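Below you'll find the structure, written out as structure tokens, and then a few comments.
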Amino acid sequence: MAAENSSSVTEFILAGLTDQPGLRIPLFFLFLGFYVVTVVGNLGLIMLIGLNSHLHIPMYFFLLNLSFIDFSYSTTLTPKMLVGFVSKKNTISYAGCMTQFFFFCFFVFSESYILSAMAYDRYVAICKPLLYMVTMSPQMCLLLLWGVYGMGVFGAVAHMVNLMFITFCSDNLINHYMCDIIPLLELSCNSSYVHLLVVFIVVTIGIGVPIVTIFISYGFILSSIFHISSTEGRSKAFSTCSSHIIVVSLFFGSGAFMYLKPPSILPLDQGKVSSIFYTAVVPMFNPLIYSLRNKDVKIALKKTLSRKIFS
């Protein structure tokens with residue numbers, strides 16, 4: 001029945017980021033630049049970790065997967081947004097919209113949980129260094145990774161099931177540059193507080209559980225750091241975690257600002273600007289933050305470039 005109701009809309013029109021024609025071309029080149037940096041940075045980091053055996057440790061195993069997730073969900077959204085800047089009418093089919101939304105949810109949930117897995121990895125490395133290689137065994141890393149992508153599937157399926165009970169009528173203009181749950185609910189004829197409650201619960205699981213895990217991990221980490229007697233040891237421990245803290249703050253801060261506030265408090269136009277941070281800015285900055293602030297990555301980059309030059 002839900003499928004039959006939804007079939008009255010066969011395509012959607014994406015309103016895009018702005019309705020001012022004069023801003024479209026500058027924004028096109030700005031976000032094209034963001035996307036190029038995102039692709040080069042994340043694929044470059046994946047290749048760098050793959051080519052350097054001294055980076056084949058749990059921390060960089062999770063970092064490789066973070067780069068894959070960032071590249072994937074940026075690719076899910078950005079090309080369609082770029083089309084919107086240069087076309088008069090940016091349409092997307094119903095099936096295309098649902099597909100984009102599914103993969104967007106999958107990768108965003110996966111990013112939330114890969115960041116919490118990385119926090120757990122840092123906790124073990126700093127609080128239990130002698131047991132690190134035993135605790136973070138290849139089997140444990142794979143188990144955590146299964147959990148990460150399993151929660152990605154859960155988030156995507158939960159949102160899609162919620163949408164199955166939504167009826168779309170004649171209005172098909174999505175006030176966004178992508179297919180997202182809040183603007184889709186605004187278009188529906190029969191959405192109720194129950195649908196919004198489901199969104200809130202699912203997003204809380206996607207954001208709240210990882211945030212709690214990260215806070216607990218860093219609580220133990222800070223406690224261990226303050227028990228380190230040498231200043232050099234404290235500095236090294238803080239530098240190990242600083243990149244991760246910056247990435248976590250950017251991603252969860254913008255995500256919580258968008259989804260964990262009632263629509264009356266956060267108008268959708270402001271929400272579009274907020275969503276730019278976790279869909280375009282965060283995937284671009286992650287490889288830059290980890291490469292510029294990480295000694296091992298910089299050494300690996302120099303070795304890889306020197307091998308290429310001499311070969």
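Residue numbers run from 1 in the order of the sequence given. From a predicted model like this one, the values you see are computed outputs, not experimental measurements.
For Ser217 against Ala119, the heavy-atom pair with the smallest separation is CB-O, 3.8 Å. Nearest heavy-atom pair, Leu23 versus Pro26, reported as atom, atom and distance to 0.1 Å: O-CD, 3.4 Å. Taking both residues in full, the closest heavy atoms of Leu187 and Asn172 are given as CD1-C, 4.0 Å, listed atom of the first, atom of the second, then distance. The shortest heavy-atom contact between Met178 and Ser275 is CE-CB, 4.4 Å. The two atoms that bring Leu82 and Leu32 nearest to each other are CD2-N, 3.6 Å, heavy atoms only. Arg24 and Thr18 make their closest contact through NH2-O, 3.8 Å (heavy atoms, listed as atom of the first residue, atom of the second, distance).
When the side chain to side chain contact (heavy atoms under 4.5 Å, CB included) test is applied to Ser93, the partners found at least two apart in sequence or on another chain are Ala95. Shown here are the side chain to side chain donor-acceptor pair (under 3.5 Å) partners of Asn286, two or more places apart in sequence or in another chain: Asp70, Glu111. In this structure Thr38 satisfies the side chain to side chain contact (heavy atoms under 4.5 Å, CB included) test together with Asn42, Ser74, Pro283, Met284, sequence neighbours excluded. Evaluation of the ring pair (Phe, Tyr, Trp, His ring centres under 6.0 Å) rule for Phe71 yields no partner, not counting sequence neighbours. Tyr73 is linked by a side chain to side chain donor-acceptor pair (under 3.5 Å) to nothing, counting only residues two or more places apart in sequence or in another chain. Under the ring pair (Phe, Tyr, Trp, His ring centres under 6.0 Å) criterion, Tyr35 pairs with no residue, sequence neighbours left out. Remark: Ser223 engages His227 in a side chain to side chain contact (heavy atoms under 4.5 Å, CB included) (not counting sequence neighbours). Annotation: side chain to side chain contact (heavy atoms under 4.5 Å, CB included) contacts of Phe215 (sequence neighbours excluded): Ile211.
Note that OH of Tyr132 is 3.5 Å distant from CG of Asp121, once rounded to the nearest 0.5 Å. Atoms CG and CD1, on Asp180 and Ile174 in that order, are 9.5 Å from each other to the nearest 0.5 Å. From Thr75, atom OG1 reaches atom CG of Leu77 across 9.0 Å, with rounding to the nearest 0.5 Å. Rounded to the nearest 0.5 angstrom, Met81 CE and Thr279 OG1 are separated by 6.0 Å. Here the straight-line distance linking atom CZ of Phe200 with atom CD1 of Ile205 works out to 11.0 Å at 0.5 Å rounding. With values rounded to the nearest 0.5 angstrom, Thr213 atom OG1 is found 7.0 Å from Tyr113 atom OH.
In this structure, Val199 and Leu185 have side chains that are in contact, with non-hydrogen atoms separated by less than 4.5 Å. Side-chain contact between Met59 and Met118 is absent, with no heavy-atom pair separated by less than 4.5 Å. Contact annotation: the side chain of Ile276 approaches that of Phe31 to within less than 4.5 Å [non-hydrogen atoms, C-beta and beyond]. Residues Ile166 and His195 have side chains in contact (heavy-atom distance under 4.5 Å, counting atoms from C-beta outward). Looking at Thr91 and Leu14, their side chains never come closer than 4.5 Å, going by heavy atoms from C-beta outward. Looking at heavy atoms from C-beta onward, Val202 lies in side-chain contact with Phe109 at the 4.5 angstrom threshold. Using a 4.5 Å heavy-atom cutoff, the side chains of Tyr123 and Ser224 are not in contact.
Side-chain atoms of Tyr177 and Asn90 include no donor-acceptor pair closer than 3.5 Å.
Apart from Leu173 itself, the hydrophobic cluster it occupies contains Ile13, where clustering links Ile, Leu, Val, Met, Phe, Trp and Tyr at side-chain heavy-atom distances under 4.5 Å.
Under the 4.5 Å side-chain heavy-atom criterion for grouping Ile, Leu, Val, Met, Phe, Trp and Tyr, Ile46 is connected to Ile57 within one hydrophobic cluster. Val36 and Val83 fall into different hydrophobic clusters, where Ile, Leu, Val, Met, Phe, Trp and Tyr are joined by side-chain heavy atoms under 4.5 Å apart, directly or via other members. Residues Ile221 and Leu130 are members of separate hydrophobic clusters, defined by side-chain heavy-atom contacts under 4.5 angstrom among Ile, Leu, Val, Met, Phe, Trp and Tyr. Linking Ile, Leu, Val, Met, Phe, Trp and Tyr residues whenever their side-chain heavy atoms come within less than 4.5 Å leaves Met47 and Val40 in two separate clusters.
At least one donor-acceptor pair closer than 3.5 Å links the side chain of His56 to the backbone N or O of Gly50. In this structure a side-chain-to-backbone donor-acceptor pair under 3.5 Å is missing from Ser116 to Ile214.
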Q: Determine, step by step, whether Ile126 and Phe220 satisfy the side chain to side chain contact (heavy atoms under 4.5 Å, CB included) criterion, reporting the C-alpha distance in whole Å, the side-chain angles of both residues, the deciding distance to 0.1 Å, and the verdict.
A: CA-CA 9 Å; Ile126 293 171; Phe220 286 115; over 6 Å; no
| request: Could you please spell out the steps behind the side chain to side chain contact (heavy atoms under 4.5 Å, CB included) verdict for Leu66 and Leu115? | output: CA-CA 8 Å; Leu66 176 66; Leu115 289 172; 4.2 Å; yes
Full working for side chain to side chain contact (heavy atoms under 4.5 Å, CB included) between Leu64 and Leu45
CA-CA 7 Å; Leu64 183 148; Leu45 197 55; over 6 Å; no
Verify side chain to side chain contact (heavy atoms under 4.5 Å, CB included) between Tyr94 and Thr10, making sure each step is shown before the conclusion.
CA-CA 5 Å; Tyr94 178 86; Thr10 58; 5.5 Å; no
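In this pair, Phe106 and Phe103 present their aromatic rings perpendicular. The plane angle is above 60°, beyond the 30 to 60° band.
Residues His159 and Phe101 bring their aromatic ring centres within 6.0 Å. Taking the six-membered ring for Trp and the full ring otherwise, Phe168 and Phe12 have centroids separated by under 6.0 Å.
More than 12 heavy atoms of other residues, nucleotides or ligands shown are found within 6.0 angstrom of OH on Tyr218. In this structure, Phe28 places its CZ atom where more than 12 heavy-atom neighbours from other residues, nucleotides or ligands lie under 6.0 Å away.
Residues in residues 37-125 take part in these disulfide (SG to SG under 2.5 Å) pairs, two or more places apart or across chains: Cys97-Cys179. Screening residues 8-66 for disulfide (SG to SG under 2.5 Å), with sequence neighbours left out, gives no hits.
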In residues 136-156, what donor-acceptor pairs under 3.5 Å come from side-chain atoms, sequence neighbours left out?
{"unit_1": "Ser137", "atom_1": "OG", "unit_2": "Gln139", "atom_2": "OE1", "d": "3.4"}
{"unit_1": "Ser137", "atom_1": "OG", "unit_2": "Met140", "atom_2": "N", "d": "3.3"}
{"unit_1": "Tyr149", "atom_1": "OH", "unit_2": "Asn65", "atom_2": "OD1", "d": "2.9"}

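The side-chain contact (heavy atoms from CB on, under 4.5 Å) with Val198 is formed by just one residue from the set Val203, Asn162, Ile181; it is Asn162.
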